[in-house]
Amino acid sequence: MSTMNGTAVLVTGGSRGIGAATAVRLAREGADVAFTYVKDEARAKEVAARIEATGQKALPLRADAADAGDAAGAVEWAADALGRLDVLVNNAGVGVLGPLDALPLAEVDRVLAVNVRAVFLASQAAAGRLPEGGRIITIGSCMAQRVPGPGGVLYALSKTALIGLTKGLARELGGRGITANLVHPGPIDTDMNPADGPYAEGQATLTALGRFGTAEEVASTVAFLAGPEGRYVTGAEFAVDGGYAA
Ligand code: NDP
């Protein structure tokens, strides 16, 4: 059954991984989907074709979340191109791990620009366009809840900032019937964190279920929050992490 018929969605970073799975899942629920990407036009076209195969509109846009103008502009563009905007999924992110003394200022600025500033700017722009019932759903990380060893300081900082952002948005926008929630994936098999990568086994061991998750398993929680069943949920965090933070 389609639950999101007639709605319009923007997913940032929708050309691969969790963002691509989310874009396709929300299209299957009946939404028209705009999504951003920055490098890989061929992968973006593949995702657009999968969305169109569901019968929904697909609008890929090259927009770099590291750029403040692009981060806010993508929201305005999507709302104009689709004629409305009901759901923003802040998914684009970069995973940078490394010891404290090996993180140069430029890297700190890039990670905070993509993982934090862009989420703030996109949410700020979306707040001006979302109607009553609108949704802001942000992809955080299990590392906002548990940093299992050295090397995660910058990434954990960037993802933990999203907790305060989400709670603040929930309070700011609740009076207009708009919700804001945060989904914390555990180790998910994507290009960023392949299940056959050099650090995969250790990550799987840290989960209660003993395995990586799939992008589709994260997308299903996003679909719940984006759809009618999720309308009374706001300011909340959802661990989709196989028990990583348990
Ligand atoms: P991937 O690296 O597999 O995919 C990232 C997507 O974001 C791509 O579509 C990429 O586009 C896009 N993207 C990257 N940088 C930018 C940018 N500056 N502007 C716009 N788009 C951009 O990542 P995942 O799917 O694994 O991760 C998605 C989210 O989930 C991130 O926020 C990540 O931090 C979070 N996460 C992931 C976990 C995991 O284990 N995989 C665990 C916890 C959280 P392009 O192809 O053009 O580069």
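- Tyr37 and Leu59 are assigned to two separate hydrophobic clusters, defined by single-linkage of ILVMFWY side chains at heavy-atom distances under 4.5 Å.
- Transitive grouping of hydrophobic side chains (ILVMFWY, heavy atoms separated by less than 4.5 Å) brings Ile163 and Leu121 into a common cluster.
- Interatomic distance, Asn115 CG to Phe120 CZ, rounded to the nearest 0.5 Å: 16.0 Å.
- The main-chain N or O of Leu88 is never found under 3.5 Å from a side-chain atom of Arg135 such that the two would form a donor-acceptor pair.
- Checking Glu29 against Asn5 by side-chain atom types alone, no donor-acceptor pair falls below 3.5 Å.
- Tracing side-chain contacts under 4.5 Å through hydrophobic residues (I, L, V, M, F, W, Y), one never reaches Val9 starting from Leu130; they form parts of separate clusters.
- In this structure, CG in Leu112 is found 5.5 Å from CG in Leu154, a value given to the nearest 0.5 Å.
- Checked for salt-bridge contact, Asp191 and Arg43 meet the test: a charged N lies under 4.0 Å from a carboxylate O.
- The pair Asp40-Lys45 does not meet the salt-bridge criterion, since no charged nitrogen lies less than 4.0 angstrom from a carboxylate oxygen.
- Proximity of a side-chain donor or acceptor of Glu217 to a complementary backbone N or O of Thr214 within less than 3.5 Å is detected.
- You'll find the side chain of Val47 stays beyond 4.5 Å of the side chain of Pro60, heavy atoms only.
- A donor-acceptor pair under 3.5 Å links the side-chain atoms of Asp241 to the main chain of Ala245, judged by distance alone.
- Between the side chain of Asp70 and the main chain of Ala63, no donor-acceptor pair closer than 3.5 Å is present.
- Shortest non-hydrogen contact noted between Val11 and Ala23 is CG2-CA, 4.2 Å.
- Met143 is listed as a side-chain neighbour of Tyr244, based on a closest heavy-atom distance under 4.5 Å.
- Residues Glu172 and Ile178 form no side-chain contact, since every pair of their non-hydrogen atoms from C-beta on lies 4.5 Å or further apart.
- Once rounded to the nearest 0.5 Å, the distance linking CZ of Arg211 with OG1 of Thr205 reads 14.0 Å.
- Closest non-hydrogen pair, Gly13 versus Asn91, comes out as O-ND2, 2.9 Å.
- Salt bridge annotation for Arg62-Glu41: present, with a cationic side-chain nitrogen under 4.0 angstrom from a carboxylate oxygen.
- The minimum heavy-atom distance linking Gly93 with Val114 is given by the pair CA-CG1, 3.9 Å.
- No donor-acceptor distance shorter than 3.5 angstrom exists from the side chain of Asp64 to the backbone of Val38, with no hydrogens or angles considered.
- In this structure, Asn181 contributes its side chain and Ala236 its backbone to a donor-acceptor pair below 3.5 Å.
- Arg231 places a side-chain N or O within 3.5 Å of a backbone atom of Pro228 that can act as its donor or acceptor partner.
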| request: Kindly determine whether Leu182 and Lys167 satisfy side chain to side chain contact (heavy atoms under 4.5 Å, CB included), including the steps that lead there. | output: CA-CA 9 Å; Leu182 184 57; Lys167 290 181 178 178; over 6 Å; no
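- Looking only at side-chain heavy atoms (C-beta outward), Thr12 and Val89 stay at 4.5 Å or farther from each other.
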**OP:** Walk me through it: do Met4 and Val87 pass the test side chain to side chain contact (heavy atoms under 4.5 Å, CB included)?
**Re:** CA-CA 10 Å; Met4 294 180 63; Val87 179; 4.1 Å; yes
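- Within a 6.0 Å radius of CD in Glu52, more than 12 heavy atoms belonging to other residues, nucleotides or ligands are found.
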| Could you go step by step and tell me if Asp67 and Arg117 meet the salt bridge (Lys or Arg N to Asp or Glu O under 4.0 Å) rule? | CA-CA 9 Å; Asp67 179 274; Arg117 186 180 68 179; over 6 Å; no
**Q.** Verdict with supporting geometry, Val233 and Thr179, side chain to side chain contact (heavy atoms under 4.5 Å, CB included)
**A.** CA-CA 7 Å; Val233 181; Thr179 67; over 6 Å; no
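- Under the 4.5 Å side-chain contact rule for hydrophobic residues, Leu103 and Leu157 share a cluster.
- Atom-to-atom distance recorded for Phe212:CZ and Glu201:CD is 10.5 Å, nearest 0.5 angstrom.
- Under the 3.5 Å distance criterion, the side-chain polar atoms of His184 are left unmatched by any main-chain donor or acceptor of Ala239.
- With a 4.5 Å cut-off on side-chain heavy atoms, Thr36 and Leu10 count as touching.
- A donor-acceptor pair under 3.5 Å is absent between the side-chain atoms of Asn90 and the main chain of Ser123, judged by distance alone.
- Salt bridge status for Glu132 with Arg176: absent, with no side-chain N to carboxylate O gap under 4.0 Å.
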Can Lys159 and Thr138 be said to form a side chain to side chain contact (heavy atoms under 4.5 Å, CB included), step by step? CA-CA 10 Å; Lys159 292 299 188 176; Thr138 300; over 6 Å; no
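- Residues Pro187 and Tyr199 fail the side-chain proximity criterion, which asks for heavy atoms closer than 4.5 Å.
- Closest non-hydrogen pair, Thr234 versus Ala170, comes out as OG1-CB, 3.4 Å.
- Here the OG1-CZ distance, from Thr54 to Arg25, works out to 12.5 Å after rounding to the nearest 0.5 Å.
- Judged purely by atom type and a 3.5 angstrom limit, Thr7 has no side-chain atom pairing as donor or acceptor with the backbone of Asp86.
- Both Leu162 and Leu169 belong to a common hydrophobic cluster when Ile, Leu, Val, Met, Phe, Trp and Tyr are linked at side-chain heavy-atom distances under 4.5 angstrom.
- The minimum heavy-atom distance linking Ala215 with Ile188 is given by the pair N-CG2, 3.5 Å.
- Interatomic distance, Phe35 CZ to Leu26 CG, rounded to the nearest 0.5 Å: 12.5 Å.
- Between Leu173 and Ile136, some side-chain heavy-atom pair lies under the 4.5 Å cut-off.
- Contact between Ala27 and Gln56 at its shortest, heavy atoms only, is O-CG, 3.3 Å.
- At a threshold of 4.5 Å between non-hydrogen side-chain atoms, the residues Tyr155 and Val96 do not count as touching.
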